[in-house]
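Presented below is the structure to which this report refers.
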Amino acid sequence: MIIQITKMKRILFTILTIFFVNTIYSQVRTYTGTVVDNYDIEPVIGAPIVINDSIAVCMTGMDGSFMFETDIPVKKLSVPWFPSYEKVDLELSEDCYHIEFVLMVYPYYDFMSDRKVNKIRKKEFKKLPKIRRKAYEKGIFQSIDVCYKQEFLEL
């Protein structure tokens, strides 16, 4: 009888441990954000939001905002390809749940080398903090600070 009670305690302990661990690691988190363009700081409508390079989670709405919930850790958020806009890859920090960023309008340059085009694009990329500040001042962005890292992507 005592052996059966001990076995039942072990089984019960194992089941509770598995349940507890699953509850901790499968915590659903909500991510929100806003996307505007660098040309006139207007919302970008219908931009696809992809996490961790492979999972399309949502699209931006009429006001450039997005929201999604997931139980997997999000280390990277991107807008892979969207007509008239450049690709964006953001590396998110550990506690980054509200993401506001500027999407650069894709310039079409005829008869220019990639080197020349990258030089022009990099100049525009360096203006993103100023554009972000304007979006904050206009009340479009809620925070002036960023919780992600964004690097310039060459052609």
Side chain to side chain contact (heavy atoms under 4.5 Å, CB included) involving Pro48 - partner list, sequence neighbours excluded: Val79, Pro80, Phe82
Given the rule that I, L, V, M, F, W and Y join up when any side-chain heavy atoms are under 4.5 Å apart, are Tyr31 and Val146 in one cluster? yes
Output a table of donor-acceptor pairs, distance under 3.5 Å, between side-chain atoms of residues 34-44 and any protein atom two or more places apart or on a different chain; print 'none' if there are none.
from: Asp37; atom 1: OD1; to: Tyr39; atom 2: N; distance (Å): 3.4
from: Asp37; atom 1: OD1; to: Asp40; atom 2: N; distance (Å): 3.2
from: Asp37; atom 1: OD1; to: Ile41; atom 2: N; distance (Å): 3.1
from: Asp37; atom 1: OD1; to: Glu42; atom 2: N; distance (Å): 3.3
from: Asn38; atom 1: OD1; to: Val105; atom 2: N; distance (Å): 2.8

Does Leu77 belong to the same Ile/Leu/Val/Met/Phe/Trp/Tyr cluster as Phe141, with side-chain heavy atoms less than 4.5 Å apart forming each link? no
Quick check for you: to the nearest 0.5 Å, what is the distance between Tyr148 atom OH and Glu100 atom CD? 8.0 Å
Pairs involving residues 95-132, ordered by first then second residue, that meet disulfide bond (SG atoms under 2.5 Å apart) (sequence neighbours left out): Cys96-Cys147
Do any pairs count as a side chain to side chain donor-acceptor pair (under 3.5 Å) and have a residue in residues 131-145, sequence neighbours left out, and if so which ones? none
Test: side chain to side chain donor-acceptor pair (under 3.5 Å). Region: residues 119-128. Which pairs qualify, not counting sequence neighbours? Glu86-Arg121, Asn118-Arg121, Glu124-Lys127
Point-to-point distance, once rounded to the nearest 0.5 Å, from CZ of Arg29 to CG of Asp95: 10.0 Å
To the nearest 0.5 Å, tell me how far Leu128 CG sits from Phe152 CZ. 10.0 Å
Does Tyr106 have its ring centroid less than 6.0 Å away from the ring centroid of Tyr85? no
Heavy-atom side-chain proximity of Ser78 to Val88 below 4.5 angstrom: no
What closest approach, in Å, do Phe101 and Leu90 show between heavy atoms, and which atom pair accounts for it? CD2-CD1, 3.5 Å
If the condition is salt bridge (Lys or Arg N to Asp or Glu O under 4.0 Å), which residues does Glu154 pass it with, not counting sequence neighbours? none
Please determine whether residues Phe66 and Ile72 belong to a single hydrophobic cluster, defined as Ile, Leu, Val, Met, Phe, Trp and Tyr linked transitively by side-chain heavy-atom distances below 4.5 Å. yes
To which residues is Val50 joined in a hydrophobic cluster, defined by side-chain heavy-atom contacts under 4.5 Å among Ile, Leu, Val, Met, Phe, Trp and Tyr, whether direct or through other members? none
Could I get the full list of disulfide bond (SG atoms under 2.5 Å apart) partners for Cys58, not counting sequence neighbours? none
Which residues pass the salt bridge (Lys or Arg N to Asp or Glu O under 4.0 Å) test with Lys149, not counting sequence neighbours? Glu151
Tell me, which pairs form a side chain to side chain donor-acceptor pair (under 3.5 Å) where one or both residues lie in residues 43-64, sequence neighbours left out? Asp53-Lys76, Asp63-Ser65
Hydrophobic cluster mates of Ile45, side-chain heavy atoms under 4.5 angstrom, ILVMFWY only, any path? Met62
Within one Ile-Leu-Val-Met-Phe-Trp-Tyr cluster: Met67 and Val74, side-chain cutoff 4.5 Å: no
Residues two or more places apart in sequence or in another chain: which of them pass side chain to side chain contact (heavy atoms under 4.5 Å, CB included) with Val57? Ile49, Ile51, Ile55, Phe68
Could you tell me whether Lys87 and Asp89 make a salt bridge, using a distance below 4.0 angstrom between a side-chain N and a carboxylate O? yes
